[in-house]
Q: 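If you scroll down you'll find the structure; I have some questions about it.
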Amino acid sequence: MSALSLLIKNGTIVTMNPNRDILTGDIYIEGNRITAIGDNLPHQAGRTIDAAGKVVIPGLIQPHIHLCQTLFRGQADDLELLDWLKLKIWPLESGHDPESIYYSAMLGTGELIKGGTTAIVDMATVNHTNENFQAIYDSGIRAISGKCMMDLGDEVPEPMREKTRNSIDESLRMLEKWHGKGNGRIQYAFTPRFAVSCTEELLREVVRLAEQYRVMIHTHASENKGEVEFVYQMSGMRNVLYLQKLGLTAPNLIVAHCIHLDEEEMETLVQTQTKIAHCPSCNLKLASGFAKIPELLDRGAYVSIAADGAPCNNYLDGFIEMRMAALIQKPFYGPRAMPAPKVFELATIGGARAMGLEAEIGSVEVGKKADLAIINLDELRTTPQKGVNIYSQLVYQTQSSQVETTIVDGNILMENRVLNGMDEKEVRRKANESLERVAKRVGISIA
């Protein structure tokens, strides 16, 4: 639902502004921007939401998601990364058709919106990228997305094995069609999957084109020991250093995982201001390892938090990822490592920085885009509240089911736990039908 003006009254506002102010008051939104924050604002609005007793936060931002994989949740459990890809995910992705891509993405965006995530960086699959973007557009979520690029690998299924030039040309076609759509809500990124499945020629051309069009690059690196060894055998270099050699490491690169890094690689990521998307649940489920996030932060790295894809998680839940990001480091670095305020920062303004949108989203400030979530903490799991740090409540206690309202670009996408503009029952029905069709097409049993 869209409103020309919206007044959110009487909420506890976790601003994430430079002073990290926590206020009790009102937020006034005109069009897609916040125009006033204060006590008892006198503004008349087209819509008013009473947030008394509730918490208003900047929407969570997840800079590494695979909407195209949401359909395959639960189909690839208990495998390590390379087997997970070769035995399950690549075959299933290769079986996608336009309708299955659309409903996979709608399923994912619906879950994200219901969990208070307002912006994502998404990696689509090789084919049917247009339908992936159409779902993003229809859902109302803010996103940077791009066609997955794969022009190397004998074990890649034939429908996903591209010619280098074809991969580039199709990426450019999608960029020209979708970049800037939805009043700028949708942006394009070049998305080479990872060094294992991309030629040097492709990666160098991606660097050139991203600079020409002034867009982001989104990829994976150093997630798995086998992947790191493969890249070393192929290039004679460790993963991040190989990307640096080709010119990828830069402020416009978002690289997911970054678990198996040596000292030189960590320093390279810091010095080049490359953005790191930390995916803790995925890294545990695939037995990939623990990213050295406290060390990277101490060095000055730009880190954000994301869920990755549903088949390796199996949620797209930003609250679970925050809790996990905080907890997994404490046995190694001590109980004060990854405190709740820092983790919440990574999930909001840190994600905005990864997207290159920190001037637009990631905090509740006058002049910024109205990307917000309203949370009801009046539940058993978040009681008592008196004397409890709000960041601790959000990171350690809150669940996505406590998000009542989600707003993106000034549009109310969910209110009272009901999605606006998306028939949740129909999306679930179509997703189930699509999974059966795709699995049958590629010969994978889902019985």
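Note: hydrogens, waters and symmetry copies are ignored here, and every other heavy atom, side chains too, is used. Computed from a predicted model, the values in this text were never measured in an experiment.
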Q: Any side-chain heavy-atom pair from Val206 and Thr219 closer than 4.5 angstrom?
A: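 No; the side chains remain at least 4.5 Å from each other.
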Q: Less than 6.0 angstrom separating the ring centers of His64 and His220, yes or no?
A: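 Judged by ring-centre distance (under 6.0 Å), His64 and His220 do meet the cut-off.
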Q: Determine which pairs satisfy side-chain hydrogen bond (donor to acceptor under 3.5 Å, both in side chains) with at least one residue from residues 433-443, sequence neighbours left out, and list them in order.
A: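 Counting only pairs at least two positions apart or across chains, the side-chain hydrogen bond (donor to acceptor under 3.5 Å, both in side chains) contacts touching residues 433-443 are Asp97-Arg437, Asp97-Arg441, Arg429-Glu433, Ser434-Arg437.
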Q: Does CD in Gln44 sit with more than 12 non-hydrogen atoms of other residues, nucleotides or ligands closer than 6.0 Å?
A: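 Counting neighbours around CD of Gln44, 12 or fewer heavy atoms of other residues, nucleotides or ligands fall under 6.0 Å, so no.
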Q: Ser288 vs Glu80, test: side chain to side chain donor-acceptor pair (under 3.5 Å). Steps then yes/no.
A: CA-CA 7 Å; Ser288 296; Glu80 63 85 33; over 6 Å; no
Q: Could you tell me if Asn313 and Glu321 have a donor-acceptor pair between their side chains, going purely by distance under 3.5 Å?
A: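 Looking only at side-chain atoms, Asn313 and Glu321 do form a donor-acceptor pair, the distance falling under 3.5 Å.
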Q: Strictly distance-based, threshold 3.5 Å: is any side-chain N or O of Glu227 a donor or acceptor partner for the main-chain N or O of Asn224?
A: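 The answer is yes, because a donor-acceptor pair under 3.5 Å joins these two groups.
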Q: For Arg417, is there an ion pair with Glu404 - N to carboxylate O distance below 4.0 angstrom?
A: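 Looking at Arg417 together with Glu404, the answer is no, because their closest N to O distance does not fall below 4.0 Å.
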Q: Considering only NZ, NE, NH1 and NH2 on the basic side and carboxylate oxygens on the acidic side, decide whether Glu93 and Arg193 come within less than 4.0 Å.
A: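 Arg193 and Glu93: salt-bridged.
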Q: Does Thr70 reach the main-chain N or O of Ala310 with its side chain, forming a donor-acceptor pair under 3.5 Å?
A: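 A pair under 3.5 Å: no.
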Q: What residues, two or more places apart in sequence or in another chain, satisfy side chain to side chain donor-acceptor pair (under 3.5 Å) together with Ser94?
A: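 Checked Ser94 against side chain to side chain donor-acceptor pair (under 3.5 Å); zero matches.
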Q: Go through the side-chain N and O atoms of Asp151 and Ser167 and say whether any donor and acceptor fall under 3.5 Å apart.
A: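 No - no donor-acceptor pair under 3.5 Å links their side chains.
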Q: What residues form a side-chain contact (heavy atoms from CB on, under 4.5 Å) with Asn17, not counting sequence neighbours?
A: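 Applying side-chain contact (heavy atoms from CB on, under 4.5 Å) to Asn17 gives Thr15, Asn19, Asp21, Glu365.
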Q: If we ignore hydrogens and angles and just use 3.5 Å, is the side chain of Asp308 paired with the main-chain N or O of Cys282 as donor and acceptor?
A: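 Pair absent, no side-chain N/O of Asp308 close to backbone of Cys282.
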Q: With a 4.5 Å cut-off on side-chain heavy atoms, are Asn130 and Met174 touching?
A: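 Of all side-chain heavy-atom pairs linking Asn130 with Met174, at least one is under 4.5 Å.
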Q: Could you verify whether a donor N or O on one side chain and an acceptor N or O on the other, from Ser392 and Gln397, lie under 3.5 Å apart?
A: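 Checked: Ser392/Gln397 side chains show no N/O donor-acceptor pair below 3.5 Å.
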Q: Between Arg73 and Glu111, does a salt bridge (Lys or Arg N to Asp or Glu O under 4.0 Å) hold up when you go through it step by step?
A: CA-CA 12 Å; Arg73 190 197 319 266; Glu111 180 185 357; 2.9 Å; yes
Q: Side chains of Phe72 and His96: does their closest heavy-atom pair fall under 4.5 Å?
A: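 The answer is yes, as the side chains (C-beta and beyond) meet within the 4.5 Å cut-off.
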Q: Among side-chain atoms of Ser363 and Lys368, is any donor-acceptor pair under 3.5 angstrom?
A: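 Judged by distance alone, the side chains do pair up.
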Q: Have Thr117 and Gln62 got a donor and an acceptor in their side chains that come within less than 3.5 Å?
A: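 Checked: Thr117/Gln62 side chains pair up, N/O donor to acceptor below 3.5 Å.
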Q: Mind checking salt bridge (Lys or Arg N to Asp or Glu O under 4.0 Å) for Lys275 and listing every partner two or more places apart, or none if nothing turns up?
A: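 Checked Lys275 against salt bridge (Lys or Arg N to Asp or Glu O under 4.0 Å); zero matches.
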Q: With a 3.5 Å cut-off and no angle check, do the side chains of Asn132 and Asp122 form a donor-acceptor pair?
A: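 There is such a pair between these side chains.
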Q: Within a reach of under 6.0 Å around CD of Gln385, are more than 12 heavy atoms found that belong to other residues, nucleotides or ligands?
A: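 Counting neighbours around CD of Gln385, more than 12 heavy atoms of other residues, nucleotides or ligands fall under 6.0 Å, so yes.
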Q: Residues two or more places apart in sequence or in another chain: which of them pass side chain to side chain donor-acceptor pair (under 3.5 Å) with Trp90?
A: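 For Trp90 there are no side chain to side chain donor-acceptor pair (under 3.5 Å) partners, ignoring immediate neighbours.
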Q: Between Asp409 and Asn411 (side chain of the first, backbone of the second, donor and acceptor by atom type, cut-off under 3.5 Å), is there such a pair?
A: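 Checked: no pair found.
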Q: Does the separation of the ring centres of Trp178 and Tyr188 fall below 6.0 angstrom?
A: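 No - the distance between ring centres of Trp178 and Tyr188 does not fall below the 6.0 Å cut-off.
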Q: Salt bridge between Asp77 and Lys285, side-chain N to carboxylate O under 4.0 Å?
A: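 Yes, this pair counts.
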Q: Could I get the full list of side chain to side chain donor-acceptor pair (under 3.5 Å) partners for Gln393, not counting sequence neighbours?
A: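 With sequence neighbours excluded, Gln393 shows a side chain to side chain donor-acceptor pair (under 3.5 Å) to no residue whatsoever.
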